Number of protein chains: 2
Amino acid sequence: MPVDDRVEAVLELVRAQGGRVTASRRALLRCLFEGPAHRTAEELAREINEKSPDVHLSTVYRNLEELERLGVIAHSHLGHGPATYHLASVTHGHFVCEACGATYEAPDEVFSDLADVASDRYGFGIDPHHFAVLGRCAKCHS
Amino acid sequence: MPVDDRVEAVLELVRAQGGRVTASRRALLRCLFEGPAHRTAEELAREINEKSPDVHLSTVYRNLEELERLGVIAHSHLGHGPATYHLASVTHGHFVCEACGATYEAPDEVFSDLADVASDRYGFGIDPHHFAVLGRCAKCHS
DNA sequence: GTGCTTGCAAACGTTTTGCAGACTC
DNA sequence: GAGTCTGCAAAACGTTTGCAAGCAC
């Protein structure tokens with residue numbers, strides 16, 4: 001599906017929930033659907049501002065929150081620093097090097113053993129997407 | 001070994017590294033050795049201030065940083081919010097419920113399968129102590 | 001006395017919020 | 001016109017830093 005159609009489909013969902021369709025929401029959605037995953041609110045705002053200079057960072061935060069509530073996007077914490085946002089359809093876990101910041105995306109099956117152990121021992125259901133697993137990459141191996 | 005002796009032993013280490021033995025460092029160490037693990041800088045400062053009202057929060061941060069450099073303590077991030085500090089001798093991983101905040105401490109063997117997979121697939125050495133694994137506890141199971 | 005350490009205040013980076021005006025429906 | 005959304009400024013949060021005075025050695 002072309003980007004524009006996907007954007008409009010989400011805006012329709014927003015409207016169905018009683019929300020309004022605004023220029024800043026359209027700009028944010030276009031940005032999310034067009035660009036790479038894992039961008040911070042600030043990065044998204046900067047990109048939006050290239051074409052729509054009046055969209056304020058706080059508006060971006062509020063709209064990200066709204067889109068997250070609707071299940072369209074999710075955010076992850078890849079270590080210290082700002083959260084990153086990505087489409088909910090492309091979730092996966094992360095390994096992030098504490099030394100150089102290198103990031104590896106890992107499919108859920110990588111976490112299935114840990115999920116089993118956590119469940120068996122603690123009745124705990126892990127969410128491997130929200131927070132990254134920190135450590136050292138091969139290059140920075142301490 | 002009694003708390004006082006352990007405190008003095010660390011202070012000796014501090015002195016050996018060219019650091020000075022001060023009242024605020026002694027108070028922080030006593031606090032760390034006496035109380036529960038996983039306290040935030042603010043909590044530690046509050047406890048210290050009950051007996052030593054003049055120790056400033058920024059001093060606590062600076063001394064925590066120093067003690068971490070010496071390997072006496074370590075900090076963990078258990079989700080959003082402030083970091084928690086604990087003695088380096090009692091490291092373990094954590095599972096933290098995103099809904100209710102319940103925290104489970106897990107020995108390193110719980111993470112050995114994940115460590116193997118991360119190493120095999122990405123040459124990545126995980127550090128399961130620094131950041132908690134988020135998810136849902138049995139009670140909050142979504 | 002050298003120089004590490006402290007208290008304080010102020011800054012930092014990220015995110016949230018209060019408000020009055022602007023917009024969508 | 002009702003009610004949502006926006007820009008802006010300001011606050012909130014956890015943490016760090018600059019500085020001059022104070023203390024350990």
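To find a chain, count down the sequence lines: A is the first, B the second, and so on, and within it residues start at 1. Remember, predicted model here, so these are calculated numbers, not experimental data. Because only heavy atoms are used, hydrogens play no part in the values below, and waters and symmetry mates are left out as well, while side chains stay in.
Taking the six-membered ring where tryptophan is involved, the planes of A:Y122 and B:Y104 are tilted, since the angle between them lies from 30° to 60°. Classification of the A:Y85-A:H75 ring pair by plane angle, with boundaries at 30° and 60°, yields tilted.
Only B:N63, listed by number, bring a heavy atom of residues 63-80 of chain B to less than 4.0 angstrom from any atom of DNA chain C.
With salt bridges taken as basic N to acidic carboxylate O contacts below 4.0 Å, one links B:R121 and A:E109. The residues A:R62 and A:E65 are annotated as not salt-bridged, no charged nitrogen and carboxylate oxygen being separated by less than 4.0 angstrom. The residues A:R46 and A:E43 are annotated as not salt-bridged, no charged nitrogen and carboxylate oxygen being separated by less than 4.0 angstrom.
Both A:V90 and A:L67 are assigned to one and the same hydrophobic cluster, defined by single-linkage of ILVMFWY side chains at heavy-atom distances under 4.5 Å. B:F131 and B:F111 fall into different hydrophobic clusters, where Ile, Leu, Val, Met, Phe, Trp and Tyr are joined by side-chain heavy atoms under 4.5 Å apart, directly or via other members.
Spacing between atom CZ of A:R26 and atom P of C:dC23 amounts to 15 Å, rounded to whole angstrom units. Here C:dT24 presents its P atom at 20 Å from CD of A:Q17, a figure rounded to the nearest Å. At whole-Å resolution of the value, CG in B:L57 and C1' in C:dT6 are 13 Å apart. As rounded to whole Å, 18 Å separates atom P of C:dC23 from atom CZ of A:R15. Per the geometry, CG belonging to A:D54 stands 7 Å off P belonging to D:dC8, to the nearest Å.
Nearest heavy-atom pair, B:S76 versus B:H86, reported as atom, atom and distance to 0.1 Å: OG-NE2, 3.1 Å.
With the nearest nucleotide of DNA chain D identified for both A:V21 and B:A41, A:V21 has the one nearer the 5' end. Judged by closest nucleotide on DNA chain C, B:V14 is the one of A:A23 and B:V14 placed further toward the 5' end.
Within the nucleic acid shown, B:S58 comes within 4.0 Å of at least one base atom, counting heavy atoms only. Heavy atoms of B:A83 sit under 4.0 angstrom from primed sugar atoms or phosphate atoms, though from no base atom. Across all strands shown, A:R62 has heavy atoms under 4.0 Å from base atoms, whether or not it also approaches the sugar-phosphate.
For DNA chain D, each stem of at least three Watson-Crick or G-U pairs (distances under 3.5 Å) is given as range with range: C:1-25 with D:1-25.
For the OP1/OP2 pair of D:dT6 and a distance below 4.0 Å, the side-chain nitrogens and oxygens of A:T59 include no atom meeting the criterion. Side-chain N/O atoms of A:R25 include one lying less than 4.0 angstrom from OP1 or OP2 on D:dC5. For the pair B:Y61 and D:dT16, the criterion of a side-chain N or O lying under 4.0 Å from OP1 or OP2 is not met. A sub-4.0 Å separation between OP1 or OP2 of C:dT6 and a side-chain N or O of B:T22 is present.
Checked against D:dA2, D:dG7, D:dT15, the side chain of A:R20 finds its nearest nucleotide in D:dA2. Set against C:dC8, C:dT24, D:dA24, the side chain of B:H56 has C:dC8 as its closest nucleotide.
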Could you walk me through whether B:R30 and B:K51 pass the side-chain contact (heavy atoms from CB on, under 4.5 Å) check? CA-CA 11 Å; B:R30 187 185 296 274; B:K51 299 202 171 169; 5.9 Å; no
Evaluate A:H130 against B:E98 for side chain to side chain donor-acceptor pair (under 3.5 Å), listing each step before the verdict. CA-CA 10 Å; A:H130 190 182; B:E98 290 173 324; 2.5 Å; yes
